[in-house]
Amino acid sequence: MKDKKSARVVVVTSGKGGVGKTTSTAALGAALAHLGEKVVVIDFDVGLRNLDLMMGAERRVVFDLINVIHGVAKLPQALIRDKRLENLNLLPASQTRDKDALTEEGVAKVVAELRSKFDWIICDSPAGIERGATLAMRYADTAIIVTNPEVSSVRDSDRIIGLLDSKTEKAERGEFVDKHLLVTRYQPWRAARGEMLTIDDVLEILSVPLLGIIPESEEVLRASNVGSPVTLNNPVSPPARAYFEAARRLKGETIPMHVPSESRGIFNKLFGRKAA
Amino acid sequence: MNLLNWFSRGSAPIARERLQILLAHERNERHQPDLLGILREEILSLISRHISFDPDKVQIKMDRGKSVSTLAVDIEIPNSFAAAGDASRHRRPRSKRLRNDAARSMDQRVA
């Protein structure tokens with residue numbers, strides 16, 4: 001099992017902040033690890049790291065990505081193994097304010113080293129289109145574009161798609177990064193009433209194939225409160241199921257996409273109107 | 001817009017339409033290099049080779065029409081303009097001398 005692997009490098013990106021990149025990175029990483037894959041999740045949000053918090057590993061951070069890049073620590077020293085899943089690992093971001101701490105060569109070296117040891121390298125991109133975001137996507141084979149069904153998020157996703165097609169190593173070689181759309185915080189009842197963009201609207205506008213639809217759910221907040229990816233914290237909850245399905249699609253399985261709907265939730269229709 | 005809202009029940013169709021129009025425009029722009037920026041740079045560097053002028057007093061405007069577009073370059077040139085080549089030949093040594101003077105007076109103060 002050891003070595004001779006060649007990981008798939010996945011970037012989780014969005015342009016806009018607060019749409020669920022870090023939540024999705026943690027949930028998908030844990031789901032893939034649960035499915036038996038060897039996974040490392042990397043936090044690229046230098047200065048504002050949060051993936052450690054989502055994974056419940058914030059008190060175990062000793063060295064970080066920047067330390068490895070600068071040769072202060074060796075890669076195995078910086079990797080944090082998850083306490084629940086032994087094949088899930090985290091490479092945290094540093095809290096330095098120095099934006100130039102991330103270098104292209106440094107990231108290339110770290111990614112190359114990780115490629116031989118893991119099946120999946122999932123890069124959690126910072127928001128925006130600056131250095132951190134372009135470096136997170138730089139060596140990606142696959143991109144997961146996290147989008148909320150809302151105008152500013154869709155617009156920023158479109159911008160990010162443009163960057164994926166021009167600023168990545170693959171794009172510069174004349175190849176394409178394999179792009180997938182992950183719609184998060186979807187509220188089917190709002191979409192049904194014409195108050196929120198529907199999945200079809202978003203797909204038509206962005207024309208990127210759909211990886212999954214994550215319904216808005218209090219389970220996501222609960223999982224982040226306790227520092228556990230939602231796919232581990234409550235694997236049968238609607239968002240966790242949706243993340244598991246997305247993870248299996250990433251692996252190449254064909255799983256029919258079901259758009260969360262309110263058809264069975266007559267109770268919800270009458271009371272509360274809480275999503276899934 | 002309120003009326004449209006009222007008829008279609010939700011505001012999502014408006015969001016969809018706004019996005020479609022906006023993104024069509026932005027995608028189009030993305031594929032073009034910053035033409036105005038390039039023109040500005042090249043025109044200014046060409047003119048400054050022959051005439052010295054204040055770069056703040058330059059206006060470059062492009063009006064995009066349906067069939068024809070216009071590019072207007074408006075540069076304010078002082079009446080007593082000198083050839084840029086001469087100006088740089090005169091100016092540079094002078095500024096160096098000024099800097100040297102300043103350095104010398106600093107030295108004296110220290111001494």
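Chain naming here is simple, since letters A, B, ... match the order of the sequence lines and numbering starts at 1 in each. For clarity, every value in this text was computed on a predicted model and none was experimentally measured.
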Chemist: Taking atom CZ of A/Arg185 as the centre, does the number of heavy atoms from other residues, nucleotides or ligands within less than 6.0 Å exceed 12?
Modeler: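 At most 12 heavy atoms, drawn from other residues, nucleotides or ligands, come within 6.0 Å of this atom.
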Chemist: Does atom CD of A/Glu172 have more than 12 heavy-atom neighbours from other groups under 6.0 Å away?
Modeler: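 Counting neighbours around CD of A/Glu172, more than 12 heavy atoms of other residues, nucleotides or ligands fall under 6.0 Å, so yes.
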Chemist: Taking atom CD as the centre, does A/Glu175 end up with more than 12 heavy-atom neighbours from other residues, nucleotides or ligands that are less than 6.0 angstrom away?
Modeler: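 Count over threshold, so yes.
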Chemist: If you compare all heavy atoms of A/Gly194 against all heavy atoms of B/Pro13, which two are closest, and at what distance to 0.1 Å?
Modeler: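 Between these two residues, the closest heavy atoms are O-CD, 3.8 Å.
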Chemist: So, for A/Leu197 and B/Ala15, which heavy atoms are closest and what is the spacing to 0.1 Å?
Modeler: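 Minimum heavy-atom contact is CD2-CB, 3.9 Å.
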Chemist: Around B/Gln59, counting heavy atoms of other residues, nucleotides and ligands shown, do more than 12 lie under 6.0 Å from its CD?
Modeler: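 Not buried by this count: 12 neighbours or fewer within 6.0 Å.
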Chemist: Does CZ belonging to A/Arg138 count more than 12 external heavy atoms closer than 6.0 Å?
Modeler: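 Yes, CZ of A/Arg138 has more than 12 neighbouring heavy atoms, counting only those of other groups under 6.0 Å.
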Chemist: Any chance you could measure B/Glu17, atom CD, to A/Ile205, atom CD1, to the nearest 0.5 Å?
Modeler: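 If we round to the nearest 0.5 Å, B/Glu17:CD and A/Ile205:CD1 are 10.5 Å apart.
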Chemist: CZ/B/Arg27 to CZ/A/Arg159 distance, rounded to the nearest 0.5 angstrom?
Modeler: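 With rounding to 0.5 Å, CZ (B/Arg27) is 13.0 Å from CZ (A/Arg159).
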Chemist: What I'd like to find out is whether the side chain of A/Asp158 reaches to under 4.5 Å of the side chain of B/Leu19, using heavy atoms alone.
Modeler: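 With C-beta onward as the side chain, the pair stays apart.
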Chemist: To the nearest 0.5 angstrom, please state how far the CD atom of A/Glu204 sits from the CZ atom of B/Arg16.
Modeler: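 These two atoms lie 4.5 Å from each other.
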